[in-house]
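Proteins get letters first, then strands, A, B, ... in listed order; numbering begins at 1 in each.
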There are 2 protein chains.
Amino acid sequence: MSRSRTEEVPVGVPRNYLRPCLLLLLAEGASHGYELLDQVAALGLERADPGGLYRCLRAMDAEGLVRSDWEPSTSGPARRNYSLTDEGREWLHAFAGSLAEVARALSAYERRYHKLIEQHELAR
Amino acid sequence: MSRSRTEEVPVGVPRNYLRPCLLLLLAEGASHGYELLDQVAALGLERADPGGLYRCLRAMDAEGLVRSDWEPSTSGPARRNYSLTDEGREWLHAFAGSLAEVARALSAYERRYHKLIEQHELAR
DNA sequence: CGGGTGTAGATGCACTATACACATAGCGTC
DNA sequence: GACGCTATGTGTATAGTGCATCTACACCCG
């Protein structure tokens, strides 16, 4: 393998991270897919896939976590506006708790990593 | 969907998290799969899949990130002992940097989530 | 008018990590 | 000899992701 260190390293955000992101943004206020696509960038998904995002929204709609209704627009195509349901809000809290666990795991990793680096520095 | 909130919420650790975990543990000292299986629990992988772990080690061996040699045991089956290569150490650093980014994303999420909760508390 | 750009939503498909089950084998012990 | 623990794997289905592609509306420009 001739992959250099400068190349993209394959460690992504947690699996299913898109869902809690969308739920959080919708908890802050109703919105539509195209806008959410920009907003998720602030949560670490700078290159979110539009297709995946729309699919995720449709799935959560089908599962009852969000509600959607069409809003015709005078300046462009119609938008499908999403808002959070009570069930979606419950899931948001569950997801947040779960993400907190992941964050704890990551900080455990970093503590341990830096401890290792420290020892390595001392050893020279 | 009649899934209760007490049920397992599908948010996992970052994708490919197992790799940096194994690299870190091997940077701390050579070890074998069965032992690593216990050790990754401390990094957030409490229910790691043995099959996946062994596969991951074999793959990193094939890619040159780790080295392995058999150690016969008097009290049980032989162990395949793994140790880190220079290339593996480079990847460890790259992974650690990448994980730090993910950690930043997660803390951004949590800040925003708690801000939302606060506002909700104030509103009642 | 025709074409390009930005907005908006969605599908199709291939790839890959993961989860889960299962197979093998050495060794101790009851 | 059956069971359980250590130890290392394989097989396979599924799910999430990434990437390409398609439709369609509105606007602007030459």
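For the pair B:E71 CD and D:dT6 P, the interatomic distance rounds to 18 Å; values are reported in whole Å. Between A:D38 atom CG and C:dG6 atom P there is a gap of 13 Å when expressed in whole angstrom units. Atom CD in B:E63 sits about 12 Å away from atom P in C:dT16, given to the nearest Å. The distance between atom CG of B:L57 and atom P of D:dT8, rounded to the nearest whole Å, is 9 Å. Taking atom CG on B:L37 and atom C1' on D:dT8, their separation rounds to 11 Å, with Å as the unit. Here the P atom of nucleotide C:dA8 and the CD atom of A:Q39 are 12 Å apart, to the nearest Å. Distance CG (A:N16) to C1' (C:dA17): 13 Å, rounded to an integer number of Å. Between A:R47 atom CZ and D:dA20 atom P the separation is 13 Å, expressed in whole Å.
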Would you tabulate the nitrogen or oxygen pairs shorter than 3.5 Å linking the protein to nucleotides 9-12 of chain C?
residue : atom : partner : partner atom : Å
C:dG9   : OP1  : A:R80   : N            : 2.5
C:dG9   : OP1  : A:R80   : O            : 3.4
C:dG9   : OP2  : A:G33   : N            : 3.2
C:dG9   : OP2  : A:Y34   : N            : 2.7
C:dG9   : OP2  : A:Y54   : OH           : 3.3
C:dA10  : OP1  : A:R80   : NE           : 2.9
C:dA10  : OP1  : A:R80   : NH2          : 2.8
C:dG12  : O6   : A:R55   : NH1          : 3.0
C:dG12  : O6   : A:R55   : NH2          : 3.4

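Listed by chain and residue number, nothing satisfies the side-chain hydrogen bond (donor to acceptor under 3.5 Å, both in side chains) test with B:Y17 (two or more places apart in sequence, or in another chain).
Here salt bridge (Lys or Arg N to Asp or Glu O under 4.0 Å) pairs that include residues 96-110 of chain B, with residues two or more places apart or in two chains, number zero. Annotation: side-chain hydrogen bond (donor to acceptor under 3.5 Å, both in side chains) contacts involving residues 22-35 of chain A, sequence neighbours excluded, comprise A:E28-B:R112, A:S31-A:E35.
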Enumerate, atom names and distances included, each donor-acceptor pair closer than 3.5 Å involving a side-chain atom of residues 65-72 of chain B, sequence neighbours excluded.
residue : atom : partner : partner atom : Å
B:R67   : NH1  : B:S83   : OG           : 3.2
B:S68   : OG   : B:D61   : OD2          : 2.6
B:S68   : OG   : B:R80   : NH1          : 3.1

Side-chain donor-acceptor pairs of residues 42-53 of chain A under 3.5 Å, sequence neighbours excluded:
residue : atom : partner : partner atom : Å
A:D49   : OD2  : A:G52   : N            : 3.0

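Classification of the B:Y109-B:Y113 ring pair by plane angle, with boundaries at 30° and 60°, yields parallel.
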